[in-house]
Amino acid sequence: MTAMTAPPETPALLHDPVIDWFGDHARDLPWRRPEAGPWGVMVSEFMLQQTPVSRVLPVYEQWLARWPRPADLAAEPPGEAVRAWGRLGYPRRALRLHAAASAITELHGGEVPRDHARLLALPGVGEYTAAAVASFAYGQRHAVLDTNVRRVFARAVSGAQYPPNATTAAERKLARALLPESEPVAARWAAATMELGALVCTARTPECARCPISAHCAWRAAGSPEHDGPPRRTQSYAGTDRQVRGKLLAVLREAIDPVPQAVLDTVWDEPVQRARALDGLVADGLVEPLADGWYRLPLSTPAPASG
DNA sequence: AAGGCGTGGGA
DNA sequence: TTCCCAAGCCT
């Protein structure tokens, strides 16, 4: 059980320093420029799910140049989205972004919805992304709880080095309690706290000397104690199905034409795992099987699987 | 509600 | 080298 202290009596004490710091240190990222628009914000949010900014930048630019509106993406096969995704990782995101673009085109007249509930209903949009788009693209007042913000709040308010593994109700409550009343200030606060976590209050080696609220930080006040909760989840990769899926999909991304089974067989020498990985890609709609053991990136959207 | 799902860079 | 981590989502 992680100790959760009550929100500060005056959360406003934190607002000004963090927002002022953001004014001085915010990165000039393309999705923060006005010309990005809601679609640019949404594309960036999909790409940034579990992927660093530096790797997103070039792909984002190419993506927006090729598909400046949701309808442009929706007009192409999902496999083209998977190909353009390149090596960003988690390619199901590309499929979901394509599906979201289709839903926006069909259901919302081609405009990214402003409403949190409608955003949340889009494929690949969860609690965080819905709040982020509503806040960053439309200036609304939402608690935006990503890994950066959770870490900042864990330290500054709760006095813990790291937040819990899964987002808790207590964290959501705290985030809501800290949200500035004013809508534009709340939107600014959301971006500022994320940036603070990304640039200063980092996971490994926070630079407290540069932190605008170090004087108010509960973790610092407690002597920066080591994490004492349950171990943080780590993911293995080498030798897993995920690695095999990655190798298979890399071949198909590079190939314009369909690829025969024999070529796919060269990427991994263990046949059972190789077959399982390929089946998984097909089940996910990332790969389309053709006749006689040929495969390609999908030209059509498969019926959504459930279970 | 744990666990699956990619990839690469920095410490 | 190995390990950790990066603006989560879905089932």
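Protein chains get the first letters and strands the later ones, always in sequence-line order, with residue 1 at the start of each. Only heavy atoms go into these numbers, but all of them, side chains included; no hydrogens, no water, no symmetry mates.
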Report task. Look at A:R87 and B:dG8 and indicate whether a side-chain polar atom (N or O) is within less than 4.0 Å of OP1 or OP2. Result -> yes

**Report entry** Rounded distance (Å) that lies between atom C1' of B:dC5 and atom OH of A:Y90
**Finding:** 5 Å

**Report entry** Distance-only polar pair, side chains of A:Q49 and A:T129, donor-acceptor under 3.5 Å
**Finding:** yes

Protein N or O to nucleotides 9-11 of chain B N or O, pairs below 3.5 Å:
from, atom 1, to, atom 2, distance (Å)
B:dG10, N2, A:R204, NH1, 3.4

Query raised in the report: B:dG8 and C:dC9: how far apart are their P atoms, nearest whole angstrom?
Result: 23 Å

Query - NZ or CZ of A:R232 within 45° of A:Y162 ring axis and under 6.0 Å - result: yes

Query raised in the report: Under 4.0 Å between a side-chain N/O of A:R151 and OP1 or OP2 of C:dA6, yes or no?
Result: yes

Requested in this report: Scan side-chain atoms only and decide if A:E76 and A:W67 contain a donor-acceptor pair under the 3.5 Å cut-off.
Outcome: yes

**Report entry** Spatial distance of atom CD (A:Q273) from atom CG (A:L278) [nearest 0.5 Å]
**Finding:** 12.5 Å

Query raised in the report: Distance from A:R210 atom CZ to A:L199 atom CG, nearest 0.5 Å?
Result: 7.0 Å

Query raised in the report: Does C:dG8 have OP1 or OP2 sitting under 4.0 Å from an N or O in the side chain of A:Q50?
Result: yes

Report task. Scan residues 244-280 of chain A against DNA chain C and write down, sorted by residue number, each residue with any heavy atom closer than 4.0 Å; if none is found, say none. Result -> none

Query raised in the report: From B:dG6, C:dC5, C:dC9, pick the nucleotide closest to the side chain of A:R232?
Result: C:dC5

Report task. Select from A:P123 and A:A132 the residue whose nearest nucleotide in DNA chain C is closer to the 5' end of that strand. Result -> A:A132

Query - A:R69 side-chain N/O to A:E111 backbone N/O, donor-acceptor pair under 3.5 Å - result: no

Query - salt bridge (Lys or Arg N to Asp or Glu O under 4.0 Å) evaluation trace for A:R274 with A:D269 - result: CA-CA 7 Å; A:R274 194 177 63 222; A:D269 59 12; over 6 Å; no

Report task. To the nearest Å, give me how far apart CG (A:D146) and C1' (C:dA7) are. Result -> 5 Å

**Report entry** Nearest-angstrom distance from the residue atom CH2 of A:W85 to C1' of B:dC5
**Finding:** 13 Å

Report task. Report which part of the nucleic acid A:Q243 touches: base, sugar-phosphate, or nothing (heavy-atom distance under 4.0 Å, all strands). Result -> nothing

Report task. Take A:R32 and A:E195 through the salt bridge (Lys or Arg N to Asp or Glu O under 4.0 Å) test and state the conclusion after the steps. Result -> CA-CA 12 Å; A:R32 286 180 178 161; A:E195 192 78 337; 2.8 Å; yes

**Report entry** A:V287 and A:L248: CA distance, side-chain angles, deciding distance, side chain to side chain contact (heavy atoms under 4.5 Å, CB included) verdict
**Finding:** CA-CA 10 Å; A:V287 171; A:L248 290 169; over 6 Å; no

Report task. Kindly check if the number of other-residue, nucleotide or ligand heavy atoms within 6.0 Å of CG (A:D292) is above 12? Result -> no

Report summary line: Among the nucleotides C:dA7, B:dG6, C:dA6, whichever has the atom closest to the side chain of A:T51 is B:dG6

Query raised in the report: Rounding to a whole Å, what distance do you find between A:L120:CG and C:dG8:C1'?
Result: 13 Å

Report task. Mind checking A:V125 for me? I need base, sugar-phosphate or nothing, with any heavy atom below 4.0 Å counting as a touch. Result -> sugar-phosphate

Quick test: give all pairs of protein nitrogen or oxygen and nucleotides 1-4 of chain B nitrogen or oxygen below 3.5 Å, distance rounded to 0.1 Å.
from, atom 1, to, atom 2, distance (Å)
B:dG3, N7, A:R233, NH1, 3.1
B:dG3, N7, A:R233, NH2, 3.2

Query raised in the report: Within this structure, what is the CZ-to-P distance between A:R150 and C:dG8, rounded to whole angstrom?
Result: 10 Å

Query raised in the report: In whole Å, what is the span from the CZ atom of A:F46 to the P atom of C:dA6?
Result: 21 Å

Query - Gap between atoms CD and P, on A:E45 and C:dA6 respectively (whole Å) - result: 16 Å

Query raised in the report: NA contact type, A:L145, heavy-atom cut-off 4.0 Å: base, sugar-phosphate, or nothing?
Result: nothing

Query - Separation of the P atoms in B:dA11 and C:dA7, to the nearest angstrom - result: 15 Å

Report task. Would you indicate, yes or no, if C:dC9 has its OP1 or OP2 atom less than 4.0 angstrom from a side-chain nitrogen or oxygen of A:T129? Result -> yes

Query raised in the report: Is it the case that A:Q261 and A:W294 place a side-chain donor and acceptor less than 3.5 Å from each other?
Result: no

Query raised in the report: Roughly, in whole Å, what's the span from CG in A:N165 to P in C:dC4?
Result: 13 Å

Query raised in the report: Is a salt bridge present between A:R66 and A:E80, judged by a nitrogen-to-oxygen distance below 4.0 Å?
Result: yes

Query raised in the report: Is the distance between the ring centroids of A:W85 and A:W63 less than 6.0 Å?
Result: yes

Requested in this report: Examine C:dC3: is either OP1 or OP2 under 4.0 Å from a nitrogen or oxygen in the side chain of A:Y237? Give yes or no.
Outcome: no

